[in-house]
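Atoms within each ligand, like the ligands themselves, are counted from 1 in listed order.
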Amino acid sequence: MRMLLRQQSACLQFLTALLMLTAMFLLSVVTRAKNKDWQHDRLKLLTQAKPLQYSTMAPPHTRHPLEVVYPYDYQFLLNEPDKCKKAPFLVLLIITEARDTVSRNAIRKTWGNESYFPAVPIIRLFLTGKDPIFTASVQDTLQEESNTFQDIIQQDFLDTYNNLTLKTLMGIQWVNQYCPNTSYVMKVDSDTFFNIDYLVHGLLRPELPVRERYISGFIVANTGPLRSKAYKWYVPKEIYPNDTYPPYCSGVGYVFSGDMAKRIYDVAQGLKVINMEDVFLGICLYELKIKITKPPPNIFNGHRIDYNKCRFKNLIFVHHYTPQELLQIWPDFQTTTACS
Ligand SMILES: *[C@@H]1O[C@H](CO)[C@@H](O)[C@H](O)[C@H]1NC(C)=O
Ligand SMILES: *[C@@H]1O[C@H](CO)[C@@H](O)[C@H](O)[C@H]1NC(C)=O
Ligand SMILES: *[C@@H]1O[C@H](CO)[C@@H](O)[C@H](O)[C@H]1NC(C)=O
Ligand SMILES: *[C@@H]1O[C@H](CO)[C@@H](O)[C@H](O)[C@H]1NC(C)=O
């Protein structure tokens with residue numbers, strides 16, 4: 001009898017373990033799939049799969065699961081406090097997931113090369129949080145990568161889609177704290193073809209006086225929160241009660257003058273942070289009464305355009321490029337045959 005009981009309980013333990021493993025696997029698949037969707041598609045209002053279940057990571061009781069906890073004293077797990085020795089022209093804040101070494105390596109070899117312009121100092125930083133699933137193993141890899149390249153900053157919040165705002169705010173905090181005299185800052189997603197030459201010499205232009213209270217990007221106006229839970233971009237009334245959003249720059253990429261880091265950081269401390277990072281920046285601009293500068297047409301592209309060298313020479317970014325594609329395109333993009 002005792003034998004039978006022991007066998008039964010061993011069997012039960014095995015089943016429980018199997019169930020937990022399956023659940024973990026499913027969660028990881030869902031997270032990956034969600035993170036592969038891209039912000040800009042919000043505009044197309046595609047029907048999305050059910051949003052991530054947060055029950056396992058939601059903080060206790062009253063707080064809405066999508067609420068972004070801020071202000072809060074997040075600690076730097078990886079930092080580069082001495083990277084900005086003298087004021088650079090540009091700080092690149094590149095949004096990546098902790099586990100995405102492949103994208104970071106492709107960017108280091110292509111548009112994120114800090115020595116790209118001998119006369120224009122550029123600082124490259126990848127922004128990450130803590131991997132929500134494989135926390136310890138991803139952290140080991142990330143630490144090693146950080147030792148090698150010294151271009152990663154990370155705070156101790158979970159790296160999830162609904163925490164993206166924290167990632168941007170971490171980057172802005174870093175600039176404010178460690179590099180306040182940079183002329184410009186560009187925030188850009190990692191899955192993007194990025195023509196840094198056009199940004200620097202076509203739009204910002206080091207020979208001009210540095211602008212102030214300046215921000216530019218792909219302007220999204222006359223929109224409001226999606227109230228259906230079916231959307232990845234769901235924002236409940238508890239998080240943001242108004243029916244409309246102020247104009248904002250699409251989160252795929254936007255550029256602002258160095259003085260803005262302090263302005264945005266300071267105003268953010270007193271606002272309710274929402275889970276859409278680009279919208280939240282728009283809310284900060286609304287509070288600051290700063291208007292987004294309209295860019296020349298078609299230089300910021302949230303949708304994919306097929307590669308064409310001469311077309312790509314005259315724009316700043318195109319969204320939805322994989323690391324493999326970047327590495328493949330880059331040598332051709334660097335060739336100097338004329339474009340009319
Ligand atoms: C970065 O650009 C410089 C100058 O063009 C080049 O010498 C260097 O090999 C590039 N670095 C990488 C990692 O591609
Ligand atoms: C954001 O990160 C915090 C801190 O790690 C965590 O408690 C929270 O659950 C995360 N929020 C979401 C929506 O993932
Ligand atoms: C930034 O510039 C100001 C004014 O020129 C200067 O006083 C300050 O020391 C600089 N800060 C850093 C961190 O370089
Ligand atoms: C939200 O609505 C309130 C009340 O109408 C208004 O005072 C506030 O400025 C609005 N906020 C934004 C960001 O539009």
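- Dense packing is recorded around CG of Asp140, with more than 12 heavy atoms of other residues, nucleotides or ligands lying under 6.0 Å away.
- Each of Phe300, Phe333, Trp111 was scored for a ring-ring contact (aromatic ring centres under 6.0 Å, His included) with Phe193, with one residue passing: Phe333.
- Residue-ligand proximity, Asp156 to ligand 2, at heavy-atom distances under 4.0 Å covers atoms 5 (O).
- At most 12 heavy atoms of other shown residues, nucleotides or ligands fall within 6.0 angstrom of atom CG in Asn298.
- For the pair Arg99 and Phe134, the cation-pi criterion (under 6.0 Å, within 45° of the ring axis) is not fulfilled.
- Close approach of ligand 4 to Tyr240 (heavy-atom distance below 4.0 Å) involves ligand atoms 12 (C), 13 (C), 14 (O).
- At a 4.0 Å heavy-atom cut-off, ligand 2 touches Pro65 through the backbone alone.
- Note on Asp159 versus Lys167: salt bridge recorded, some NZ/NE/NH1/NH2 to OD/OE distance being below 4.0 Å.
- Using a 4.5 Å heavy-atom cutoff, the side chains of Val235 and Asn275 are in contact.
- If you look at ligand 3, the protein residues with a non-hydrogen atom under 4.0 Å away are Asn181.
- Of the polar atoms of Tyr286, at least one N or O is found under 3.5 Å from an N or O of ligand 4, judged by distance alone.
- Short contacts between ligand 2 and Asn162, defined as distances under 4.0 Å to a heavy atom of the residue, involve ligand atoms 13 (C).
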Exercise for review: Give the intermediate values and the outcome of ring-ring contact (aromatic ring centres under 6.0 Å, His included) for residues Tyr245 and Tyr240.
Suggested key: CA-CA 9 Å; Tyr245 289 145; Tyr240 183 79; 5.2 Å; yes
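- In terms of N/O distances under 3.5 Å, ligand 2 is approached by Leu158.
- With a 4.0 Å cut-off on non-hydrogen atoms, Thr160 touches ligand 2 through its side chain and not its backbone.
- Here the closest heavy-atom approach between residue Arg227 and residue Lys237 is recorded as NH1-N, 3.4 Å.
- Between Asn163 and ligand 2, at least one pair of N/O atoms sits closer than 3.5 Å.
- Inspection of the His319 and Asp191 side chains reveals an N or O donor paired with an N or O acceptor under 3.5 Å.
- The number of heavy-atom neighbours closer than 6.0 Å to NZ of Lys313, taken from other residues, nucleotides and ligands shown, is above 12.
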